[in-house]
There are 2 protein chains.
Amino acid sequence: MPKLVDHAARRAEIAAAVQRLIDHEGLDGVTVAKAAATAGISVGQVQHYFASKDALLEATYRQVVERMGARVQAAVRESVTERLPIRAVVTRALREYLPLDAASASDHRVSLAFLGRTTANPDLAGLHTETLAATRGQLALAVHNGKECGEVPGDTDAKAAAARLFALTDGFALHLGAGLDPEETVETLREEVAAVFPGRCRQWK
Amino acid sequence: MPKLVDHAARRAEIAAAVQRLIDHEGLDGVTVAKAAATAGISVGQVQHYFASKDALLEATYRQVVERMGARVQAAVRESVTERLPIRAVVTRALREYLPLDAASASDHRVSLAFLGRTTANPDLAGLHTETLAATRGQLALAVHNGKECGEVPGDTDAKAAAARLFALTDGFALHLGAGLDPEETVETLREEVAAVFPGRCRQWK
DNA sequence: GTTTTTATCGTATGGCTATATTAATACCGT
DNA sequence: ACGGTATTAATATAGCCATACGATAAAAAC
């Protein structure tokens with residue numbers, strides 16, 4: 001057999017180049033030729049690793065979404081191993097959704113660019129809706145656990161509280177790029193979560 | 001002189017056709033030829049009313065933004081003439097930002113499509129940022145007035161409260177298209193505004 | 001060492017698009 | 001009625017882009 005190449009890694013590299021390109025020239029500015037130039041390879045090589053331009057863009061989007069999810073999961077795992085209260089876990093998790101550093105800001109911009117295409121692309125819209133629903137579900141579960149644990153009052157509507165916190169976070173993420181102070185925003189988000197989780201856990205989980 | 005044509009009205013008609021086109025095929029699916037076909041006119045006529053495709057899209061976006069703003073302003077004016085408390089005025093105004101009916105949902109989708117292009121278009125990004133800042137400023141003013149009037153506690157940070165309510169509203173608007181219950185959402189928004197404006201106005205303004 | 005499979009590259013091409021241009025039309029003031 | 005101009009239609013053009021294709025290199029298998 002010929003030269004051995006890690007296909008997945010190469011695809012990831014190319015997708016990363018496409019992300020830089022989107023960041024710089026927008027989703028519409030992406031052409032296969034420019035993607036190849038950004039990645040420092042030939043057009044033919046891009047074609048070798050992606051069957052079509054659509055496949056290339058889909059892989060790029062998937063990579064961005066996965067990285068955003070991974071950031072949140074990492075924050076959750078870290079908080080859980082530190083035996084922090086659910087309130088703190090949720091606060092850290094939601095904080096990870098905000099475009100506070102360069103990397104997550106780029107991810108957010110790119111995911112926003114794709115979001116603008118959901119209008120005419122049912123597949124993309126479906127993926128987006130599913131992702132939102134999953135996140136909202138996890139958040140609702142956290143609130144529910146908070147009720148069982150004693151951090152959240154018993155009369156709280158877990159689903160409504162989750163929807164509210166999530167919408168607030170996404171709204172902040174949207175507005176952060178447009179003249180909102182990061183520190184104040186994070187502080188407000190912290191207070192909002194604290195308002196939903198006012199109690200203390202009765203037992204160590 | 002020749003045929004008299006209301007330029008502004010004709011431009012608005014064409015822009016409305018472009019909006020339908022964006023709604024159906026996405027912002028990328030817009031071509032001058034399709035725009036002409038959707039509007040039921042020739043390509044040459046589109047060229048006559050818009051110097052370039054960019055100008056056509058900009059006019060469309062501007063029309064959408066203006067209509068969204070007008071809806072809010074109308075709600076505010078109506079509420080004010082009814083001598084409603086500021087709380088009710090703000091509630092109605094924010095409610096108008098949500099894509100609850102077909103028209104505002106279309107406007108929201110289209111503005112989202114344009115938002116996805118702010119990545120690479122500084123002019124568009126600037127316009128968007130300004131619009132957000134203006135809205136946030138108006139909202140902060142409403143909260144400030146509420147403090148003077150007695151509806152809002154004196155220790156409320158008007159700017160922070162405005163930023164929070166606005167982000168929440170925009171977040172809800174974003175999530176409404178993806179599996180959020182409209183009625184519950186409106187109710188939650190109403191409660192949130194009520195929480196910021198818990199008092200009663202001391203005097204009739 | 002030959003063969004076969006994979007990787008990479010450069011170029012060709014067919015289609016689509018924005019826009020320029022040219023010609024035709026219709027209406028108004030006089 | 002009629003010239004002139006705003007308006008409309010139709011066509012031409014030049015550029016760009018995704019994708020197809022062919023050629024070359026390289027490395028494993030035997």
Side-chain angles (χ1 to χ4, degrees), chain A residues 1-22 24-62 113-114 116-117 119-121 123-124, chain B residues 1-22 24-62 113-114 116-117 119-121 123-124:
Chain A
M1 285 213 175
K3 242 197 297 200
L4 27 123
V5 171
D6 186 339
H7 262 242
R10 189 59 65 92
R11 284 170 59 98
E13 276 177 40
I14 298 173
V18 172
Q19 177 168 2
R20 289 196 298 276
L21 189 56
I22 293 174
H24 198 252
E25 307 206 23
L27 192 43
D28 319 303
V30 175
T31 71
V32 175
K34 283 193 212 168
T38 305
I41 59 179
S42 71
V43 172
Q45 194 166 352
V46 174
Q47 288 181 302
H48 186 68
Y49 287 98
F50 295 96
S52 68
K53 184 187 177 183
D54 270 351
L56 173 61
L57 291 178
E58 187 191 319
T60 304
Y61 180 59
R62 235 170 245 283
F114 279 99
R117 292 211 161 173
T119 304
N121 189 334
D123 293 345
L124 201 58
Chain B
M1 285 215 179
K3 237 201 297 207
L4 28 121
V5 172
D6 186 338
H7 261 245
R10 188 59 67 94
R11 284 170 58 96
E13 277 177 39
I14 298 174
V18 172
Q19 177 168 359
R20 290 196 298 276
L21 189 56
I22 293 174
H24 199 251
E25 307 207 22
L27 191 43
D28 319 303
V30 176
T31 71
V32 175
K34 284 194 211 168
T38 304
I41 60 179
S42 70
V43 172
Q45 195 164 349
V46 174
Q47 287 182 302
H48 186 69
Y49 288 99
F50 295 96
S52 67
K53 185 188 175 181
D54 269 351
L56 173 62
L57 291 179
E58 187 190 320
T60 304
Y61 179 59
R62 235 171 248 283
F114 279 99
R117 292 211 161 174
T119 305
N121 190 333
D123 292 348
L124 202 58

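In what follows, chains carry the letters A, B, and so on, assigned in the order in which the sequence lines appear, proteins first and then strands, with residues in each chain numbered from 1.
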Proximity to the side chain of [X] - top-ranked nucleotide from [options]:
X        : options                   : result
Tyr49(B) : dT8(C), dT7(D), dT19(D)   : dT7(D)
Gln45(B) : dC9(C), dT17(C), dA9(D)   : dA9(D)
Ser42(B) : dA18(C), dT8(C), dA9(D)   : dA9(D)
His7(A)  : dA18(D), dT7(D), dA7(C)   : dA7(C)
Val43(A) : dT19(C), dT19(D), dA18(D) : dT19(D)
Val32(B) : dA7(C), dT19(D), dA18(C)  : dA18(C)

Provide, to the nearest angstrom, the distance between the [atom1] atom belonging to [X] and the [atom2] atom belonging to [N].
X        : N       : atom1 : atom2 : answer
Lys34(A) : dT19(D) : NZ    : C1'   : 18 Å
Ile41(A) : dT6(C)  : CD1   : P     : 19 Å
His48(A) : dG22(D) : NE2   : P     : 17 Å
Ile14(B) : dT7(D)  : CD1   : P     : 12 Å

Contact class for Val46(B) vs. all strands (heavy atom < 4.0 Å): base, sugar-phosphate, or nothing?
->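 Answer is nothing: Val46(B) stays at 4.0 Å or more from every strand.
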Please state whether the phosphate of dA6(D), meaning OP1 or OP2, lies under 4.0 angstrom from any side-chain nitrogen or oxygen of Arg10(B).
-> no
Between Arg117(B) and Asp28(B), does at least one N-O distance fall below 4.0 Å, as a salt bridge requires?
->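 Yes, Arg117(B) and Asp28(B) are salt-bridged.
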Below 3.5 Å, does any donor atom in the side chain of Gln47(B) face an acceptor in the base of dA18(C), or the other way round?
-> no
Can you name the nearest heavy-atom pair linking Val43(A) to Ala36(A), along with the distance?
->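 Reported closest heavy-atom pair: N-CB, 3.7 Å.
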If you draw a 6.0 Å radius around CZ in Arg62(A), do more than 12 non-hydrogen atoms from other residues or ligands fall strictly inside?
->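 No, the 6.0 Å shell around CZ holds no more than 12 heavy atoms from other groups.
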List in numerical order all residues of residues 53-61 of chain A for which some heavy atom is under 4.0 Å away from an atom belonging to DNA chain C.
-> none
For the side chain of Arg11(B) and the backbone of Tyr49(B), is there at least one donor-acceptor N/O pair under 3.5 Å apart?
-> yes
